[in-house]
*Asks:* 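Before I ask anything, let me first share the structure, which is written out below as structure tokens.
Chain identifiers are assigned alphabetically (A, B, ...) following the order of the sequence lines, protein sequences preceding nucleic acid strands; residue numbering begins at 1 within each chain.
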Amino acid sequence: AQSVAQPEDQVNVAEGNPLTVKCTYSVSGNPYLFWYVQYPNRGLQFLLKYITGDNLVKGSYGFEAEFNKSQTSFHLKKPSALVSDSALYFCAVRDYSGNTPLVFGKGTRLSVIA
Amino acid sequence: EAQVTQNPRYLITVTGKKLTVTCSQNMNHEYMSWYRQDPGLGLRQIYYSMNVEVTDKGDVPEGYKVSRKEKRNFPLILESPSPNQTSLYFCASSQRGSGQGWQPQHFGDGTRLSIL
């Protein structure tokens, strides 16, 4: 069965500093990985995805994520955090075969402090 | 504008009174799904549908029903709601991508249900 772990419930970072939100996954086949962001009173918005190819994936709002197959990780990163990045972030995985549902992690709340 | 629309956005009701949360997408997506979001538990899938007339149980289907008679609509039905179904519900849709992959899901803005 597929699963996703986001080991940190909360990440605090100062504005201008780099940020990392961690995600590890488990899937039987090749993974299809996503990051989503949720702002208050809104649905989830897609940030970026990994299917194959380059291990460093660039997405919206200056975010990027690094796929590491040996560590089964897909950590979200940004070189310089903004206060407006404060939100709830979800990692998700599905088997690339596409016939399995998308499984989400429990979410990590990011707080960027001015 | 491409969107997933859920109604109602907020509902307070009582135990046992049947309710339906509607979900409609205007992107001609094949895949649709319902999730519930609870603090500390993240998003858990209730039901999903790969196409018209095809539905499957997710992780937490008990107490819920769905139907997919048309491609654009995927209503969530609570036949006899109970307080443990108080939650924030999201509908999502996506399109099949190249090969066997799926495009990222588009989410509605959520429906907050309170069952007293």
Side-chain angles (χ1 to χ4, degrees), chain A residues 1-10 21-25 27 29-53 57 59-60 63 65 74 87-109, chain B residues 2-7 9-10 21 23 25 27 29-51 54-61 66 74 88-112:
Chain A
Q2 303 161 157
S3 66
V4 174
Q6 292 182 242
E8 301 152 318
D9 292 334
Q10 173 98 25
V21 182
K22 296 179 181 175
C23 170
T24 58
Y25 67 90
V27 67
N30 291 321
Y32 195 4
L33 292 153
F34 300 84
W35 275 101
Y36 287 84
V37 60
Q38 185 182 27
Y39 299 103
N41 299 315
R42 299 302 303 275
L44 278 68
Q45 296 176 30
F46 168 73
L47 273 181
L48 51 80
K49 67 180 179 183
Y50 171 84
I51 310 174
T52 59
V57 179
S60 307
F63 283 93
F74 190 56
L88 188 56
Y89 290 82
F90 290 95
C91 181
V93 68
R94 75 189 316 165
D95 191 293
Y96 187 64
S97 70
N99 292 325
T100 56
L102 190 62
V103 173
F104 285 84
K106 293 182 180 180
T108 298
R109 186 164 299 282
Chain B
Q3 59 186 2
V4 177
T5 303
Q6 297 178 225
N7 280 298
R9 290 292 313 279
Y10 305 91
V21 184
C23 174
Q25 49 95 3
M27 296 165 280
H29 285 170
E30 295 172 353
Y31 180 93
M32 296 186 74
S33 180
W34 276 103
Y35 299 89
R36 60 178 288 174
Q37 183 178 12
D38 301 289
L41 297 176
L43 266 77
R44 293 180 294 167
Q45 191 172 50
I46 303 170
Y47 270 95
Y48 64 98
S49 169
M50 294 282 191
N51 214 325
V54 179
T55 62
D56 279 295
K57 295 178 181 178
D59 295 322
V60 288
V66 292
F74 191 46
L88 179 58
Y89 291 85
F90 288 101
C91 180
S93 71
S94 69
Q95 181 67 320
R96 190 177 285 280
S98 58
Q100 295 193 42
W102 290 87
Q103 294 297 324
Q105 294 189 20
H106 293 250
F107 282 80
D109 283 338
T111 295
R112 189 168 290 282

*Asks:* Working to the nearest 0.5 Å, report the span between CD of B:Q103 and CZ of A:F34.
*Replies:* 8.0 Å
*Asks:* For A:S60, give me all partners under side chain to side chain contact (heavy atoms under 4.5 Å, CB included), at least two apart in sequence or on another chain.
*Replies:* A:L47
*Asks:* Whether A:R94 engages the ring of B:Y48 as a cation-pi pair (distance to the six-membered ring centre under 6.0 angstrom, angle to the ring normal within 45°) should be assessed.
*Replies:* no
*Asks:* So which part of A:L88 gets closer than 4.5 Å to some heavy atom of chain B, the side chain, the backbone, both or neither?
*Replies:* side chain
*Asks:* Under a 4.5 Å heavy-atom cut-off, does chain B meet the side chain of A:Q38, its backbone, both or neither?
*Replies:* side chain
*Asks:* Among A:N41, A:D9, A:V103, A:L102, who wins on heavy-atom pairs under 4.5 Å with chain B?
*Replies:* A:L102
*Asks:* OG of B:S94 to CZ of A:F46: how many Å apart, nearest 0.5 Å?
*Replies:* 11.5 Å
*Asks:* How long is the straight-line distance from CD of B:Q37 back to CZ of A:F90, given to the nearest 0.5 Å?
*Replies:* 4.5 Å
*Asks:* Test: salt bridge (Lys or Arg N to Asp or Glu O under 4.0 Å). Region: residues 44-53 of chain A. Which pairs qualify, not counting sequence neighbours?
*Replies:* none
*Asks:* To the nearest 0.5 Å, what is the distance between CG on B:D38 and NZ on A:K106?
*Replies:* 11.5 Å
*Asks:* For B:P104, is there any backbone N or O sitting under 3.5 Å from a side-chain donor or acceptor partner on A:Y36?
*Replies:* no
*Asks:* Non-hydrogen atoms of chain B under 4.5 Å away: do they reach the side chain of A:I51, the backbone, both or neither?
*Replies:* neither
*Asks:* So for B:R9, is it side chain, backbone, both, or neither that comes closer than 4.5 Å to the heavy atoms of chain A?
*Replies:* side chain
*Asks:* Rounded to the nearest 0.5 Å, what separates atom CZ in A:F104 from atom CZ in B:R44?
*Replies:* 14.0 Å
